[in-house]
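Every number for a ligand or one of its atoms is a count from 1 in the order of the listing. Index from 1, following the sequence.
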Amino acid sequence: MLSAIATLTSRLEQALVNAFGSELEGADPLLVPASNPKFGDYQANCALPLAKRLKDKPRAIAEKIVSNLEVADICEPPEIAGPGFINLRLKTAYLEAQLQIIRKDERLGVEIVKHPQKVVVDFSSPNIAKEMHVGHLRSTIIGDSIARVLEFLGHDVLRLNHVGDWGTQFGMLITHLRDACPEALTGSDTVDIGDLVVFYKQAKKRFDDEDDFKERSRQAVVDLQSGDQDARQAWQVLCNQSRKEFQKIYDLLDIDIIERGESFYNPLLPAVTEDLRDQELLVEDQGAQVVFLDGFTNKAGDPQPVIIQKSDGGFNYATTDLAAIRYRIQKDNAERILIVADAGQANHFNQVLQVAEKAGWVPNTVEMAHIPFGLVQGEDGKRLKTRSGKTVRLKDLLDEGINRARTDLEKRIQDEDRDETEDFIQSVAQTVGIGAVKYADLSQNRTSNYVFSYDKMLALQGNTAPYMLYAYVRVQGISRKGNIDFQTLDDDAPIQLEDDSELTLAKHVLQLDEVIAAVAEDLYPNRLCQYLFELSQKFNQFYDRCSVLQAEEPQRTSRLMLCDLTARTLKLGLSLLGIQVLERM
Ligand code: ARG
């Protein structure tokens, strides 16, 4: 597929397409990385299927393509292998020249897209007064990384926190607040109603046990919905309290997000029903207003509708999401809507997206998708819990990551007999701890479940944040040791790739733009993690084989440039995952 930005692969693909001529028009060059580096860097596999189509010999077709192929500025003369594979090997001079170009570019050669889109990323989205759990942590980390990648490519990203801040549960919360903490309602903003999760449980218990409480809670819902001052005030107090808790997590994780909760869409819900009714999609079913869709049945095999308005007149989660879709398309002018939520909600989003499409609210130019992710499991393979079986509090989970990173660091400092300040220790522990938690999450294919293990995520070896941070630190160490300022290296000095490990590293560095383009398209940040992991490995291989500071000029400067490019690629790549680098660790 031709990429939206001019990557090396897309240039080669284009050259092949140009070489097809009219006879083969529209064919896919089937360009893939070479199966074996012996054969070069890429191979085009198109001659075989085309031979069938044209009833000719694959080799003859490959020869014809090659004779028209104009890639001399990038590749060695193409070779045809076996039955008709076209092998392409990148020219060393081309690689050297590309490295020179990206070296002088802050963006390391990653172009801004030609057609920036307005993108809504709906992520994190915890629920007021309920636990912000590890599922929300995944949504936060994955959504933030997707947003960062799209922003870096020049898209206009609206980061939305679709918090659950509306619904009938607020009846009991408001009523309990009035009883248990009346001073919270007198207008002073300073009252602390304590742990909201505990508060929620107390309210729920009273709702289940006390008839009078239940009745008052019902009334409170009506009050809140009709805009009653006092009920609104109580609702605000509850939301503010939750917000403060959420913000602590966002601060720790360095997350930028705009709150636009479910309540925001409340006034827009009647218009959703009206429009669906006008289009005759809405039908009455057991007193409720519903939409029937193809392919959704209950356990008994009967068609299962999407409930838009319940028999008591109340709206629900799906209705709010429908209103959100309309608003994002009509008012935000979103061209791409990405909702990062756990895989368990796939059915809900399937239904909602289908209703929106049926209703004609989604123009062809708009892409809308649920970006699902799997569960976080404990080392026992079950849903992550504390030792005593409770849900893990996110703040505790992150603090524990930082503390463990700190213990590791203190041990290293002692072993190496270093003298470090408390500030240094604290900031390294925080960067490593948070980076490790984020990276452990992002490096998994998001659709799979993954096992949360501090030991694994903090290991200095393997596909972990510390391993990558360490590669970066290694380069900074070279600069300190040799007293070298990478920014002032001679601009005209040549880059010369001689050792195999240099060539391998250089080729990898030059693939950054392709990886970022792929993440922007498929929204799998683990691809970027894998790229950075391989980059670190290739750098370490190079550094083990080739001397840098001890090398003779011009090799010395050339290798220093390669080190610097690696470090800058790591730094940029990690920043798109929301992970900071360290100069020393
Ligand atoms: N609040 C929901 C939850 O905790 C996630 C919301 C996702 N976004 C949406 N537009 N429905 O699971």
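Close approach of ligand 1 to Tyr317 (heavy-atom distance below 4.0 Å) involves ligand atoms 2 (C), 5 (C), 6 (C), 7 (C), 9 (C), 11 (N). Those atoms of ligand 1 with a heavy atom of His136 less than 4.0 angstrom away are 3 (C), 4 (O). The atoms of ligand 1 that sit less than 4.0 Å from any heavy atom of Phe349 are 9 (C), 11 (N).
Ligand 1 is never approached by Phe123 to a heavy-atom distance shorter than 4.0 Å. Ligand 1 is approached by Gln345 to a heavy-atom distance shorter than 4.0 Å. Within the 4.0 Å heavy-atom shell around ligand 1 one does not find Glu262.
For ligand 1, the polar-atom distance check finds an N/O of Asp122 within less than 3.5 Å of one of the ligand's N/O atoms. Residue contacts with ligand 1: Asn127 is placed with a nitrogen or oxygen under 3.5 Å of a nitrogen or oxygen of the ligand (distance criterion only). Between Arg328 and ligand 1, a contact under 3.5 Å exists for no N or O pair.
Ring pair Tyr454/Phe452 is perpendicular by interplanar angle, where above 60° counts as perpendicular and below 30° as parallel.
Using a cutoff of 4.0 Å between basic side-chain nitrogens and carboxylate oxygens, Arg393 and Asp195 are scored as salt-bridged. Salt bridge Asp254/Arg148: present, at least one basic N to carboxylate O contact under 4.0 Å. A salt bridge does not link Lys214 to Asp209: none of the charged side-chain nitrogens sits closer than 4.0 Å to a carboxylate oxygen.
At a heavy-atom cutoff of 4.0 Å, ligand 1 is contacted by no atom of Thr320, backbone or side chain. Of the heavy atoms in Asp321, only side-chain atoms (C-beta onward) come closer than 4.0 Å to ligand 1.
For Tyr265 and His162, the ring centers are positioned less than 6.0 Å apart. Checked against a 6.0 Å centroid threshold, the rings of Phe315 and Tyr317 do not count as neighbours.
Residues Lys204 and Met172 are in side-chain contact: their nearest non-hydrogen atoms beyond the backbone lie under 4.5 Å apart.
Cation-pi geometry between Arg446 and Tyr524 is met: under 6.0 angstrom from the ring centre, within 45 degrees of the axis.
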